[in-house]
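For reference, the structure discussed in these notes is given below.
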Amino acid sequence: MKLKSILIIFVLLLAVFPVFSKKRSASILSMNDLTTPSSPSYVPYPYPESEDKIIENLRYGIQKTFANNMPAFEYSMNKTANPLPKILRKNSTMTVQKIVKVENLIAEMADSFSYLIILFDRETNEYARVAMSADGLLHSCAVVSPQASVKPLKSDNEIIALLTTQAAVRKTEILKVDLMAYGIIYASPVCPVYRVMLNDGSIYFIDYNENVFKEDGEKTISGDPLSFINKERAQLKQGGHALYDSLDDKLLILKKLSSGAVQ
């Protein structure tokens, strides 16, 4: 699946954030905003920690955003049936398969993490994804479209197996595997990248489409961030990629590995 396919199924439910920032933005929402039923930002459980509370916020957010089974906005050039309201039905075949925390390196988002919720429909055997900000508000979602299906979340063992195959890395060399959000579009909270750190300090990234990259250096942003990043990306070799770390104000240069490559 190409990156274009990801963009077709990617939806922002809240306001679009500024593109660049050099420090984490403060939350514009108070606890009063989150706890007052008449507030547009109300959630049943502000800053949920248990799965039960996260799911209750999810159900409330879907009910509020997708009333009458209709999406609140157009998110695709093609008409796409939105499966999310299905979870509200009695004896629904749509279930919550997994909830995980995603480390947030997007400075424009106020909290250091978000929740990624993986939904599975037993009737259609299709997946959906919902990203929820730490305060309990829905942030974005990905649903099946005519162009692309939604992938389940891989386990750490599956990611390790993929890396050991493509990068000739031994399992004993791996220090930890994290889910990371770096941007609103690529490596977003709803489609984060896996960051794999080795004992020797090497870092690998695996994206939504299971492309494997090795960190090949980093550059500190200077001058206008947009101009700097565009210039650096234009100079990347074929297979190269870059992630913008807006918290540390640096650009991570990545080298794509081909299947079975040895690094």
Side-chain angles (χ1 to χ4, degrees), residues 1 5-15 29 31-102 104 109 111 113-155 158 179 181 188-192 208:
M1 187 187 308
S5 297
I6 298 176
L7 301 184
I8 291 173
I9 60 174
F10 180 77
V11 189
L12 284 182
L13 300 184
L14 299 181
L29 298 175
M31 284 300 292
N32 188 60
D33 294 321
L34 298 171
T35 57
T36 302
S38 60
S39 167
S41 301
Y42 169 78
V43 289
Y45 297 101
Y47 294 95
E49 294 184 355
S50 69
E51 288 202 357
D52 287 346
K53 292 180 179 180
I54 293 170
I55 292 172
E56 190 63 29
N57 284 351
L58 170 70
R59 292 173 62 85
Y60 177 82
I62 289 174
Q63 183 178 38
K64 181 178 178 180
T65 306
F66 301 105
N68 301 318
N69 285 351
M70 293 297 292
F73 41 79
E74 185 65 32
Y75 57 89
S76 172
M77 295 298 290
N78 299 287
K79 298 300 181 183
T80 301
N82 190 343
L84 298 185
K86 202 172 185 178
I87 199 172
L88 304 177
R89 300 175 188 170
K90 185 177 181 180
N91 300 321
S92 174
T93 58
M94 178 77 76
T95 61
V96 175
Q97 187 189 64
K98 186 178 291 187
I99 301 174
V100 296
K101 275 188 175 182
V102 175
N104 170 35
M109 293 178 65
D111 296 293
F113 71 91
S114 60
Y115 292 108
L116 177 59
I117 305 166
I118 307 297
L119 302 175
F120 178 69
D121 190 341
R122 296 190 302 267
E123 181 181 28
T124 62
N125 291 325
E126 292 176 341
Y127 291 88
R129 292 178 170 216
V130 179
M132 178 184 292
S133 54
D135 56 18
L137 290 166
L138 299 192
H139 173 274
S140 51
C141 69
V143 298
V144 173
S145 78
Q147 287 76 21
S149 61
V150 177
K151 297 181 179 181
L153 189 69
K154 288 190 172 296
S155 67
E158 288 174 313
L179 272 170
S188 68
V190 79
C191 295
Y208 179 85

(Q) Suppose we screen for salt bridge (charged side-chain N to carboxylate O under 4.0 Å, His left out). Which residues come up paired with K53, at least two apart in sequence or across chains? (A) none
Q: State the OG-CG distance between S39 and L29, to the nearest 0.5 angstrom.
A: 7.5 Å
**Q.** Rounded distance [0.5 Å steps], NZ in K98 versus CG in L153
**A.** 5.0 Å
Q: Please check if the side chain of N104 supplies one atom and the backbone of D111 the other of a donor-acceptor pair under 3.5 Å.
A: yes
Q | Side chain R129, main chain A142, donor-acceptor under 3.5 Å | A | no
Q | Shortest non-hydrogen contact from Y115 toward I54 | A | CE2-CD1, 3.5 Å
Q: Could you pull out all residues at least two apart from D121 that satisfy salt bridge (charged side-chain N to carboxylate O under 4.0 Å, His left out)?
A: K86
Q) Could you give the distance from CG (L119) to CD1 (I87), rounded to the nearest 0.5 Å? A) 5.0 Å
Q) Between atom OG1 of T93 and atom CD of E126, what is the distance when rounded to the nearest 0.5 Å? A) 10.5 Å
Q) Heavy-atom distance under 4.5 Å between the side chains of L88 and R59, does that happen here? A) yes
Q) Given the rule in the side chain to side chain contact (heavy atoms under 4.5 Å, CB included) test, do N125 and F120 qualify, once you have shown the distances and angles that lead to the verdict? A) CA-CA 7 Å; N125 291 325; F120 178 69; 3.5 Å; yes
Q. Any side-chain heavy atom of H139 within less than 4.5 Å of one from S114?
A. no
Q | Any M109 side-chain heavy atom under 4.5 Å of P189 side chain | A | yes
Q.
Show the nearest heavy-atom pair for residues L84 and A128, with the distance to one decimal.
A. CD2-CB, 4.0 Å
Q. Going by atom types only, do D135 and S133 share a side-chain donor-acceptor pair under 3.5 Å?
A. yes
Q) Hey, are the side chains of V144 and T124 touching, using non-hydrogen atoms and a 4.5 Å cut-off? A) no
Q. Looking only at heavy atoms, which two atoms of V190 and S140 are closest? And how far apart?
A. CB-OG, 3.6 Å
Q: Scan for ring pair (Phe, Tyr, Trp, His ring centres under 6.0 Å) pairs involving residues 34-53, sequence neighbours excluded, and state none if there are none.
A: Y42-Y60
**Q.** Rounded distance (nearest 0.5 Å) linking atom CG of N57 with atom CG of L138
**A.** 8.0 Å
Q: Using atom types as modelled and distance alone, determine if a side-chain donor or acceptor of S41 lies under 3.5 Å from a backbone N or O of L34.
A: no
(Q) Nearest 0.5 Å, please: how far is CE in M132 from CD1 in I55? (A) 9.0 Å
Q. Looking only at atom types and distance, does a side-chain atom of Y208 sit under 3.5 Å from a main-chain N or O of K151, one as donor and one as acceptor?
A. yes
Q: For N32 and T36, work out which heavy atoms get closest and say how close.
A: O-OG1, 2.8 Å
